[in-house]
Amino acid sequence: MSAAVIPAVIPVVRLKSGREKSLKRRHPWVFSGAIDPPRQEPGTGDTVELRSADGAPLALAAWSPASQIRARVWSFDHRVKIGAEFFRSRIASALAMREAMPVARNTNAMRLVHGESDGLPGLIVDRYADVLVAQFLSAGAESWRAAILDALAELTGCTAIFERSDAEVRQLEGLAPRTGFVRGASDAGRVAIHEHGLQFRVDVAAGQKTGFFLDQRENRQRVRALAAGRDVLDGFCYTGGFALAALAGGANSVVALDSSAPALEIARENLCANPFDASRVHFEIADVFAHLRKLRDRAARFDMIVLDPPKFAPTAAQAENAARAYKDINLLALKLLAPGGLLATFSCSGGVSAEFFQKVVAGAAIDAGVDARVIERFGAGPDHPVALNFPEGEYLKGLLIVRAW
Ligand code: SAH
């Protein structure tokens, strides 16, 4: 069916007997195995009414025939109308929640819509100053794209919207990648933002994810508060978020590593955009796995290490392989840490739970022969809420570890 046309009759899809439990707990996903295959397949992204095997209406959802997640719930109230006004109202509510957050006073860059946790499965919207970056990651979000873009433009007042629908998960939904300005056009290859008084440049077109790791904002602030007088190593530094935060906090020196040349180029621009003594920072293109070994062989020592690697395990199936990678870098980092030194170590893998991550880091400490304690735990910032009925939304976890004297 063509996008965003509301049919007179909404197709009904029944679940298999006994498979309505997660919907009743308001979990927004229905997997293909729970569905009684409909005689007539609804169109991609179409709104369907989900019913239990005995015919009780449960929710309105977007149909996604290519994905194992066959339906994603728009509303648990089956009487609402899923149309432009519905999306406008959900977006307005997501924006109102952000405006009320204290963090809104400390930055002009924020996640405005966080998918399922804002009641909008498959939709991510980040704001960088006056530019919005939107990702349509599910068949349902894709089919309401025009209405969503209109509502975003109207409600935020942003005239430029860049689409970054190039995340790999789109393949699972049978959707081709799409990127480019979809509203307005900013000639700026880089958008200038500020975060807790620090200036950053964001490459919305070619940067990773939507251009910046907004989820780490408050954790960068924590590192800043703890960095004074320390020799810091920022592994996986991207455009220098933690490195600059450490400098702002009075770090003695910072070594920042990343394997991406374009990321390091922006990191250097970011350094220039802030009033820091550039001689205290050394950005280096390097594979962190190999470079940590080199530093170990040189018996290097740091008072603070940040490890914020990419997603090693998008799903639980890759957790064991990911565990090996996490253990490797954490083991090496713990060995490089001076007594009393701090390790801020993160995992953004959806497939690795906080509990499992802590076990892996504990194993790394044993093998490193290091006595270490957890003194704080990290998560994503408040603009990345986790709906209580959607624990999958909690992907970022981190530990602040101190090496005992
Ligand atoms: N801490 C950053 C975000 C890190 S994202 C911030 O606050 O902005 C993860 C980074 O790891 C990416 O920049 C990616 O280029 C880099 N990366 C991935 N694999 C790597 C490897 N093996 N060695 C070094 N960097 C790597």
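These numbers come from the heavy atoms of this one structure, side chains and all, not from hydrogens, waters or symmetry mates. In what follows, residues are counted from 1 in the order of the sequence shown. Whatever order the structure lists ligands and atoms in, that order sets their numbers, starting from 1.
The list of salt bridge (charged side-chain N to carboxylate O under 4.0 Å, His left out) pairs with a residue in residues 102-125, not counting sequence neighbours, reads Arg72-Glu116, Arg98-Asp118, Arg111-Asp126. Residue pairs meeting the salt bridge (charged side-chain N to carboxylate O under 4.0 Å, His left out) criterion with at least one partner in residues 256-268, sequence neighbours excluded, are Arg190-Glu265. A salt bridge (charged side-chain N to carboxylate O under 4.0 Å, His left out) check over residues 209-238, counting only residues at least two apart or in different chains, returns the pairs Glu195-Arg220, Lys209-Asp215, Arg217-Asp383, Arg222-Glu376.
Relative ring orientation between Phe312 and Phe289 is described as tilted, the plane-to-plane angle lying within the 30° to 60° band.
Ligand 1 lies under 4.0 Å from heavy atoms of Gln208, Phe213, Arg220, Phe236, Cys237, Tyr238, Phe242, Asp258, Ser259, Ser260, Ala286, Asp287, Val288, Phe289, Asp308, Pro310.
Using a 4.0 Å cut-off between charged side-chain N and carboxylate O, Arg88 and Asp150 make no salt bridge.
In the model, Glu173 has a side-chain atom that pairs as donor or acceptor with a side-chain atom of Ser64 under 3.5 Å.
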